[in-house]
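Worth knowing before you read on, the calculation uses all heavy atoms, side chains too, and leaves out hydrogens, waters and symmetry mates. By convention here, the first residue in the shown sequence is residue 1.
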Amino acid sequence: MGARPLGRTAAPCPTTPIHREAAVRTATLGPAERAEALAALAERELDVLVVGAGVVGAGTALDAVTRGLSTGLVEARDWASGTSSRSSKLIHGGLRYLEMLDFALVREALKERGLLLGRLAPHLVKPVPFLYPLQHKGWERLYAGSGVALYDAMSVSSGHGRGLPVHRHLSRRRALQVAPALKKDALVGALQYYDAQMDDARYVATLVRTAAGYGAHVANRARVIGFLREGERVVGARVRDVEAGEEYEVRAEQVVNATGVWTDDTQALIGERGQFHVRASKGIHLVVPKDRIHSSTGLILRTEKSVLFVIPWGRHWIVGTTDTDWDLDKAHPAASSADIDYLLEHVNSVLATPLTRDDVEGVYAGLRPLLAGESDATSKLSREHTVAHPLPGLVVVAGGKYTTYRVMAKDAVDEAVHGLDQRVADCVTEDVPLLGAEGYRALWNARARIAARTGLHVARVEHLLNRFGSMTEEILELIAADPSLGEPLPSADDYLKAEIVYAASHEGARHLDDVLTRRTRISIETFDRGTRSARICAELMAPVLGWDKGQIEREVEHYEKRVQAERESQRQPDDQAADAARLGAPDIVPI
């Protein structure tokens, strides 16, 4: 496949009607489909080109294509490789924003939470209970209880909040029955309320596939290296396929910059100063085994700076997060020893049996894209989002929070539509379920029958349904064709071998790192951080991606070096030393 010569004028791409049943068919994102997408991006002018495939960029592509617009989506690394795979994995209204009196943000987020749980992604987004320990008698129960009651009321009033139980007040005795891990003197009582959670990287991969199912041309490992200009107007982007080294000229009537913490860097490619700036705030999380904390509910604790969550995560707990300014490497933010100590100190203040470093299976660090303001503290910067049109043909969307990605996407496309010389339909994503959602509940009800038919344990079927929804049938077809793929992965037996093959053949995984850190969570869910599973995973991916033995060795070696560098960074005392240690393992393909 050759690059289109630069400077050639692209013909307009005719907009074709999109039929509802098109998205019911799953979109396969294997190597051949990626090559076809790159060729299609360079062939004709698009209505909208989205740069960045985090949750906002993927959501923007889905919004645009479901309005009938010809749409492209490019990502320099992997889907969700930045912020959108390193969050607290919560879909929530933001209870603490009530205390800041940001009622509009909370109301908007609660509506989105309800939509995701009930209509858009019930296979991926699940209810999760949280216990809030009370430490003062009388006034604190009244104060906190009023806030949680308002939270529930706002959820119900949104019209999408009836799927979760309402909060309840607990005595100390009852709270300790629900969460025996707590110190008796750490609380005088408690409140329990519900929010929701998801696997953030899996959610984004599903968003991308849904957009592709409706006709969007999507390509990862495709980096924007410059923008095309005609006078003041932005008319597209120069895109480099970082895998093959070829360059493409992708023309579009409107380009949307949805690159999160890289927003300022992307704007700099145009040579124009942005109308706002994005500041990165680092948040780290620890993953510990389920048996280290004896509780049937998650926990939410107040700290001097923010809040601390202990979140149920399958056979594990996620403990997080921190909130500190970060101005070092954005691609691989590093967790320092001080970060880890901070989380352990705060969670141990309420645990009867303290956690130690030896209990930590995994550590991950992510960056929040916050709109820079007057405040010096990142914890006080806005979680609101902003959309701007700094130049003709260019829209920038930044800020916000994961839960409200769909609203951000709608606002970005609404802004882009102003620059299109055609009538465009209103946003419809409120009524567009993600791939795997339709039919999920019926399959869930039939899970015992599916288990009997396939020979898999019912727990395995449940695992697949909660990761792939109705697309589970595609996994089962792989197993039917090769029964060995129904075996669990050695050293990571939560996952089946078929899931690794599927990641490469259907979900756009290009490298071993993509599979171990984002298509699965093996990198943070095992004490060896995936090194013992690396070779078998690479061998499973090899036939799909055309790897020879040399490439398998390179993939495994790179992954082992990445884990070694991350472990070393987590022994360093501060951000600068941690960043230097993490950079000791470069990307397998230079970006």
Basic-acidic side-chain contact under 4.0 Å: [X], [Y]:
X: Glu557; Y: Arg554; result: no
X: Arg519; Y: Glu499; result: no
X: Asp513; Y: Arg518; result: yes
X: Lys126; Y: Glu462; result: no
X: Arg460; Y: Asp493; result: no
X: Arg221; Y: Asp514; result: yes
X: Arg535; Y: Glu553; result: yes
X: Glu75; Y: Arg34; result: no
X: Asp482; Y: Lys497; result: no
X: Glu566; Y: Arg529; result: no

#### Entry: Audit row: Glu555, Gln551, side-chain hydrogen bond (donor to acceptor under 3.5 Å, both in side chains) steps and yes/no
CA-CA 6 Å; Glu555 294 285 339; Gln551 184 64 27; 2.8 Å; yes
Ignoring hydrogens and angles, tell me if any N or O in the side chain of [X] forms a donor-acceptor pair with the backbone of [Y] under 3.5 Å.
X: Arg86; Y: Ser81; value: yes
X: Tyr495; Y: Arg521; value: yes
X: Arg209; Y: Ala27; value: yes
X: Trp317; Y: Lys290; value: yes
X: Ser70; Y: Asp47; value: yes
X: Thr210; Y: Leu435; value: yes
X: Arg406; Y: Gly59; value: no
X: Thr83; Y: Leu367; value: yes
X: Thr71; Y: Leu69; value: yes
X: Trp79; Y: Glu507; value: yes

All N/O donor-acceptor pairs, side-chain side in residues 581-591, below 3.5 Å, sequence neighbours left out:
{"unit_1": "Arg582", "atom_1": "NH1", "unit_2": "Ala585", "atom_2": "O", "d": "3.2"}
{"unit_1": "Arg582", "atom_1": "NH2", "unit_2": "His332", "atom_2": "ND1", "d": "3.2"}
{"unit_1": "Asp587", "atom_1": "OD1", "unit_2": "His332", "atom_2": "NE2", "d": "2.8"}

### Smallest separation among heavy atoms of Asp528 and Val563, with atom names
O-CG1, 4.4 Å
### Task
Grab the two heavy atoms, one from Gly260 and one from Val278, that are nearest each other, plus how far apart they are.
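Between these two residues, the closest heavy atoms are O-CG1, 3.8 Å.
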Do [X] and [Y] come within less than 4.5 Å of each other through their side chains, counting heavy atoms only?
X: Ile536; Y: Glu539; answer: yes
X: Arg238; Y: Leu228; answer: yes
X: Cys427; Y: Arg67; answer: yes
X: Tyr440; Y: Thr472; answer: no
X: Ile91; Y: Leu117; answer: no
X: Val55; Y: Met408; answer: no
X: Ser533; Y: Thr526; answer: no
X: Leu456; Y: Ile479; answer: yes

Separation between [atom1] of [X] and [atom2] of [Y], rounded to the nearest 0.5 Å:
X: Leu41; Y: Arg251; atom1: CG; atom2: CZ; answer: 14.0 Å
X: Leu512; Y: Thr517; atom1: CG; atom2: OG1; answer: 9.0 Å
X: Ser505; Y: Ile500; atom1: OG; atom2: CD1; answer: 11.0 Å

### Task
Kindly state each residue pair satisfying ring-ring contact (aromatic ring centres under 6.0 Å, His included) with at least one member in residues 535-560, sequence neighbours excluded.
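Listed once each, the pairs would be none.
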### Query
Between Trp444 and Arg447, is there a cation-pi geometry (under 6.0 Å to ring centre, at most 45° from the normal)?
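Yes, Arg447 and Trp444 form such a contact.
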### Query
Listed by chain and number, what are the ring pair (Phe, Tyr, Trp, His ring centres under 6.0 Å) partners of His285, not counting sequence neighbours?
Tyr364
#### Entry: Side-chain H-bond candidate by donor/acceptor type, Ser88 with Thr321, under 3.5 Å
no
### Message
Parallel, tilted or perpendicular, judged at 30° and 60°: which one describes the rings of Tyr402 and Tyr405?
### Response
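Tyr402 vs Tyr405 ring planes: perpendicular.
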